[in-house]
**Student:** 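The following block contains the structure, expressed as structure tokens.
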There are 2 protein chains.
Amino acid sequence: MYRKVAADLRQAIADGAYGSGGRLPAEGELATRYGVSRGTVRQALAVLRADGLVTSRRGTRRVVLGTARVQSFGELLSFTRWARSIGEEPGGRVVEIIRSPADEVEREQLRLEPGAEVYRVLRVRTLSGVPVMVERTVYPEHIGALVEALDPHAVSHTVPLQEQGVLFTDAHHTIDLALADADDARLLGCLVGDPLLRERRRTTDPAGSPVEWSQDRYLPGTVAFTVHNSTAVTSLSRRTGI
Amino acid sequence: MYRKVAADLRQAIADGAYGSGGRLPAEGELATRYGVSRGTVRQALAVLRADGLVTSRRGTRRVVLGTARVQSFGELLSFTRWARSIGEEPGGRVVEIIRSPADEVEREQLRLEPGAEVYRVLRVRTLSGVPVMVERTVYPEHIGALVEALDPHAVSHTVPLQEQGVLFTDAHHTIDLALADADDARLLGCLVGDPLLRERRRTTDPAGSPVEWSQDRYLPGTVAFTVHNSTAVTSLSRRTGI
DNA sequence: AAGTGGTCTAGACCACGTG
DNA sequence: ACGTGGTCTAGACCACTTT
């Protein structure tokens, strides 16, 4: 129900029904209009708030901030879903898969016992055939085995993994800058030492168990990361270097 | 009340009372324990969820993901508050303030009428005296006038602005990579063309009016940006190019 | 003084995961 | 079958902004 209200309001905002900087109807009025309780309306508005579409402050009606299209969790996580959502044709090729004992960092990130083995996957990702990103993902053994069985030219890995019961629900990202190494340069067609935008990501399942630890390196100009935050919700933070 | 419950749970998690990967008590039990209703407990848990501290899924108890320290909105927005929160000594120096008519991009970002004037502030920021970031901020005329009146060596600009009634409540950030220009190189002590981590930010007040449009360029290795997202909450997104 | 969002309550039913 | 979190309701009081 609240999803329906949220979707409806989102559409109305996108259509400019309230204008940019305009004011939304009061919660009570929306409740009457949609035939739901005020609590449900508030739940819907919380979604829009988190997406940075509206402000909210005691004493005044909510104000429309913009119509920013926000990506779903899946689009953020999966290069494939993201590419399709922006109308690009994604591609991918597995360059290398190695199985070997986890080092200390990997054991900590994937919460593994000493002696545990991991799969390291090196993969190049393309948009319309042009290489834009190099992906280095480390999987725990039981998930890596599933990845190894996939077609090396499979466009998506996350989709078949989800179908096989590997759930991705929470991710923590770190964004900074890295310099291209020999592999990056060869796969992306740049020079060794060229700057790349780096995203490191640790993804967990609903039980809190890590399912992947990945490092993606993008050619400059192909992507930017955007974040919305407010006095109410903050999920981005700035950290001292690594 | 829900803030108190959230703070208490956050502390308990930080103390390892439930362990990493451990399970939280049921909502009903927490409600009884704190003498509040279940709704209030859920509000507290929503805060922890948004901070990436716990998962939540129908059918099972919440699971502890980690003890990640999340920054407040103020710390994210303000270099000064951020630096202090990590035990560094922030500094800053205004290099240049120019008042002139807004160009098209600035008019759009700050939602100004044609012919409106803006203040452009170029400022270098330091940690323990070492330059780490160059900040280029554009203010609408009425706010820029306040900034111009500040001490050029003032450590913080946001604090005095807040005290003068300029409220920062929502911010939209874009993170990518930029190459150092002559100003950057001179102020940061790097070479022209060296890669820098760039954050562009548009901040608005509770009424939705833009109060600043800023571009910050960090020396690599001094900062990284981190984000948490989940199937429930997404505020980060990936965009193409500029 | 009136209107608005922020918070809290007490209760209900449901969808889902686990035993 | 049971316990859990997800959703919804109806009502209440308060803090804040605007008129």
Side-chain angles (χ1 to χ4, degrees), chain A residues 1-9 18 21-50 53-65 73 162 165-167 169-170 204-209 230-233, chain B residues 1-9 18 21-50 53-65 73 162 165-167 169-170 204-209 230-233:
Chain A
M1 200 79 255
Y2 79 89
R3 293 169 198 278
K4 187 184 173 323
V5 175
D8 200 79
L9 287 173
Y18 306 109
R23 293 160 70 166
L24 249 50
E27 295 178 355
E29 192 188 322
L30 290 171
T32 306
R33 181 185 305 179
Y34 289 103
V36 299
S37 76
R38 194 182 148 213
T40 301
V41 168
R42 284 183 60 79
Q43 209 167 346
L45 290 168
V47 174
L48 302 189
R49 175 92 209 264
L53 288 177
V54 299
T55 64
S56 62
R57 197 170 47 140
R58 226 189 316 231
T60 65
R61 291 197 175 178
R62 288 183 166 80
V63 172
V64 175
L65 277 179
F73 176 75
Q162 299 255 22
V166 179
L167 300 177
T169 58
D170 281 82
T204 56
D205 68 14
S209 301
S230 70
T231 46
V233 182
Chain B
M1 200 80 255
Y2 78 88
R3 293 168 198 277
K4 189 184 171 327
V5 175
D8 199 79
L9 287 172
Y18 305 109
R23 293 160 71 168
L24 248 51
E27 295 178 356
E29 193 188 324
L30 289 172
T32 306
R33 182 185 305 179
Y34 288 104
V36 299
S37 77
R38 196 183 146 213
T40 302
V41 168
R42 283 183 61 79
Q43 210 168 345
L45 289 168
V47 174
L48 301 188
R49 175 91 207 263
L53 288 178
V54 300
T55 64
S56 62
R57 196 169 46 140
R58 220 182 328 222
T60 65
R61 292 198 175 177
R62 287 183 166 81
V63 172
V64 175
L65 277 179
F73 175 75
Q162 299 254 22
V166 179
L167 300 177
T169 59
D170 281 82
T204 55
D205 68 14
S209 302
S230 71
T231 46
V233 181

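Lettering of chains follows the sequences in order, A, B, ..., and the numbering in each one begins at 1.
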**Student:** Short question: side chain of Thr55(B), backbone of Pro206(A) - any donor-acceptor pair under 3.5 Å?
**Tutor:**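 Checked: pair present.
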**Student:** Would you grab the first and last nucleotide of DNA chain D (5' to 3') that comes under 4.0 Å of any non-hydrogen atom in chain A?
**Tutor:**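 Using the under 4.0 Å cut-off, the span is dT7(D) to dT18(D).
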**Student:** Name the residue closer to the 5' end of DNA chain D, choosing between Glu29(B) and Gly39(A) according to the nucleotide with the nearest heavy atom.
**Tutor:**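 Per heavy-atom nearest nucleotide, the more 5' residue is Glu29(B).
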**Student:** If I take atom CZ in residue Arg61(B) and atom P in nucleotide dG19(C), what distance separates them, rounded to the nearest angstrom?
**Tutor:**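 From Arg61(B) CZ to dG19(C) P: 12 Å.
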**Student:** Tell me what Arg38(A) touches on the nucleic acid: a base, only sugar-phosphate, or nothing, going by heavy atoms under 4.0 Å.
**Tutor:**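 Touches a base.
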**Student:** Tell me which of Ser37(A) and Gly59(A) sits closer to the 5' end of DNA chain D, going by the nucleotide each one is nearest to.
**Tutor:**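 Closest to the 5' end, via its nearest nucleotide, is Ser37(A).
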**Student:** Is there side-chain contact between Asp205(B) and Val166(B), with at least one heavy-atom pair below 4.5 Å?
**Tutor:**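 When only atoms from C-beta onward are counted, Val166(B) and Asp205(B) do not touch, as no gap falls below 4.5 Å.
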**Student:** Side chains of Thr40(A) and Tyr34(A), heavy atoms from C-beta outward: is any pair under 4.5 Å?
**Tutor:**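 When only atoms from C-beta onward are counted, Tyr34(A) and Thr40(A) do not touch, as no gap falls below 4.5 Å.
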**Student:** What's Arg42(A) touching, base or sugar-phosphate or nothing? Going by heavy atoms closer than 4.0 Å.
**Tutor:**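 Base contact.
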**Student:** Looking across every strand, which nucleic acid part, if any, lies under 4.0 Å from Arg57(B) by heavy atom: base, sugar-phosphate, or nothing?
**Tutor:**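 Counting heavy atoms under 4.0 Å across all strands, the contact made by Arg57(B) is with sugar-phosphate only.
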**Student:** Evaluate the criterion side-chain contact (heavy atoms from CB on, under 4.5 Å) for residue pair Leu24(A) and Val54(A); output intermediate values, then yes/no.
**Tutor:** CA-CA 9 Å; Leu24(A) 249 50; Val54(A) 299; 4.0 Å; yes
**Student:** Verify side-chain contact (heavy atoms from CB on, under 4.5 Å) between Leu65(A) and Arg49(A), making sure each step is shown before the conclusion.
**Tutor:** CA-CA 9 Å; Leu65(A) 277 179; Arg49(A) 175 92 209 264; over 6 Å; no
**Student:** Taking C-beta and beyond as the side chain, do Leu167(B) and Gln162(B) meet within less than 4.5 Å on heavy atoms?
**Tutor:**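 Yes, close enough: below the 4.5 Å cut-off.
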**Student:** Tell me: CG of Leu167(A) to C1' of dC16(C), nearest whole Å?
**Tutor:**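 Rounding to the nearest Å, CG of Leu167(A) and C1' of dC16(C) are 13 Å apart.
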**Student:** Contact class for Arg23(B) (heavy atom, under 4.0 Å): base, sugar-phosphate, or nothing?
**Tutor:**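 Arg23(B): no heavy atom of the nucleic acid under 4.0 Å.
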